[in-house]
Number of protein chains: 2
Amino acid sequence: MAHLDRIFHSLSDSTRRAVIAQLAHGPASVGDLAQRHSMALPSFMKHVRVLEESEIVISRKMGRVRMCQLRPDALAVAQGWLERERHIWESRLDRLDSFVETLAEQDNTHGRK
Amino acid sequence: MAHLDRIFHSLSDSTRRAVIAQLAHGPASVGDLAQRHSMALPSFMKHVRVLEESEIVISRKMGRVRMCQLRPDALAVAQGWLERERHIWESRLDRLDSFVETLAEQDNTHGRK
DNA sequence: GGATTAGTTAGCCATATGGCTCACCTTGAT
DNA sequence: ATCAAGGTGAGCCATATGGCTAACTAATCC
């Protein structure tokens, strides 16, 4: 799934994660966002575009300012994948536990060593 | 944090996600894992190494076979980050709601328009 | 209307990524 | 002792990524 690829790729850069973190507190202009990241504007804009292409951020231009905003449920897709995998993994561990318990019981029944 | 960088980067490739998904069902050898991915072994091994370097997978060689295994709580780090951000984002939306409510109340008090 | 602000476009550069082949090394089977 | 299986290592290649500068456009301010 190309969408997940793009989402996780977006998240793999600390500049972009910082932008997300900042936007979680509320909308901000590109200029606002760029300030804290000592980086030329065009370089920074690339990150913004990556975030938009992965549908984590939306922006529109008002006058000469571009306002950015976190997209509701943007991160849900990523979270969903992680949770599914973790669930599979954990329910497997549960089954393993009971398997081990079964072994232990048989062990008790038939004597040990 | 470089660790998060590596984790999310690992997750940004569908081959690697597939490996994780397969390992969630239980340990497997490199050969087992490689089978479903039509790709030369050395190429595939690179993915395995990426997964190891991001501490999602651990492996050790038994005889001539390398067994791979998902690392417990490997994905928790990623999930943690996502959940924190989402929480900030959502509690902000809540505050916004109450802010809007406050406005509405004042609106009622002072008459509208 | 001229300067300033806020982006945007284009293009350059170094490094990283994801694929490949070919040669090699161990281990296990015969 | 030899051969096959299962990786590994080295190195090539094309494309992607993340940074830069310089030049441009479009709004806003004085």
Side-chain angles (χ1 to χ4, degrees), chain A residues 1-23 26-71 78, chain B residues 1-23 26-71 78:
Chain A
M1 297 168 177
H3 189 201
L4 268 182
D5 283 26
R6 274 173 287 148
I7 291 193
F8 281 125
H9 174 243
S10 280
L11 296 176
S12 74
D13 180 282
S14 68
T15 299
R16 289 191 292 260
R17 283 198 309 278
V19 168
I20 294 176
Q22 188 172 349
L23 286 179
S29 72
V30 167
D32 288 342
L33 294 169
Q35 268 187 343
R36 354 195 140 182
H37 307 277
S38 48
M39 184 184 302
L41 241 208
S43 311
F44 185 77
M45 281 298 299
K46 282 192 186 176
H47 289 296
V48 173
R49 221 162 286 147
V50 168
L51 286 167
E52 285 202 68
E53 275 161 20
S54 59
E55 300 181 342
I56 292 176
V57 160
I58 41 180
S59 74
R60 42 182 205 134
K61 210 157 177 182
M62 296 162 61
R64 65 186 162 175
V65 166
R66 176 173 296 280
M67 288 301 290
C68 302
Q69 184 173 343
L70 214 51
R71 195 153 158 160
Chain B
M1 297 171 177
H3 188 203
L4 268 181
D5 284 26
R6 274 173 286 148
I7 290 192
F8 282 125
H9 173 244
S10 279
L11 296 175
S12 74
D13 180 281
S14 69
T15 299
R16 288 190 293 259
R17 283 199 308 279
V19 168
I20 294 175
Q22 189 173 347
L23 286 180
S29 72
V30 167
D32 289 343
L33 294 168
Q35 270 187 342
R36 355 195 139 182
H37 307 278
S38 50
M39 183 184 304
L41 241 209
S43 313
F44 185 77
M45 281 298 298
K46 283 193 187 177
H47 289 296
V48 174
R49 221 161 288 149
V50 168
L51 286 167
E52 286 203 68
E53 276 161 20
S54 59
E55 300 182 340
I56 292 174
V57 161
I58 42 181
S59 75
R60 40 183 206 135
K61 209 155 178 182
M62 294 161 62
R64 63 186 163 177
V65 167
R66 175 174 296 278
M67 288 301 289
C68 302
Q69 180 173 345
L70 214 52
R71 193 152 160 160

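Everything quoted here is computed from the prediction, not taken from an experiment. Per chain, numbering begins at 1; letters A, B, ... match sequence-line order.
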Checklist entry - Which residues satisfy the ring-ring contact (aromatic ring centres under 6.0 Å, His included) test with His9(A), sequence neighbours excluded? => result none
Checklist entry - To the nearest 0.5 Å, how far apart are CD in Glu55(A) and CD1 in Ile58(A)? => result 10.0 Å
Next on the checklist: Please report the interatomic distance CD(Gln35(A)) to CG(Leu41(A)), rounded to the nearest 0.5 Å.
Outcome noted: 10.5 Å
Next on the checklist: Whether the side chain of Arg66(B) engages the backbone of Val30(B) through a donor-acceptor N/O pair (distance < 3.5 Å, no angle test) should be reported.
Outcome noted: no
Checklist entry - Below 4.5 Å, heavy atoms only, C-beta onward: do His37(A) and His47(A) meet side chain to side chain? => result no
Checklist entry - Does the side chain of Asp5(A) come within less than 4.5 Å of Arg17(B)'s, by heavy atoms? => result yes
Next on the checklist: Counting only heavy atoms and a strict 4.0 angstrom limit, can you tell me which residues of residues 58-67 of chain A come near DNA chain D?
Outcome noted: Gly63(A), Arg64(A)
Checklist outcome for this item: One should read off an interatomic distance between Ile56(A) CD1 and Arg16(A) CZ, to the nearest 0.5 angstrom, of 8.5 Å
Item to check | Between CG on residue Leu23(A) and CE on residue Met67(A), distance to nearest 0.5 Å | outcome: 9.0 Å
Next on the checklist: Across nucleotides 11-22 of chain C, 5' to 3', mark each nucleotide with B, S or - according to how protein heavy atoms within less than 4.0 Å reach it.
Outcome noted: ------SBBBBB
Checklist outcome for this item: Glu52(A) CD to dG7(C) P, in whole Å, measures 12 Å
Item to check | Spacing between Gln35(B) atom CD and dG7(D) atom C1', to the nearest angstrom | outcome: 15 Å
Item to check | Atom pair distance, as rounded to whole Å: CE in Met45(A) and P in dA22(D) | outcome: 20 Å
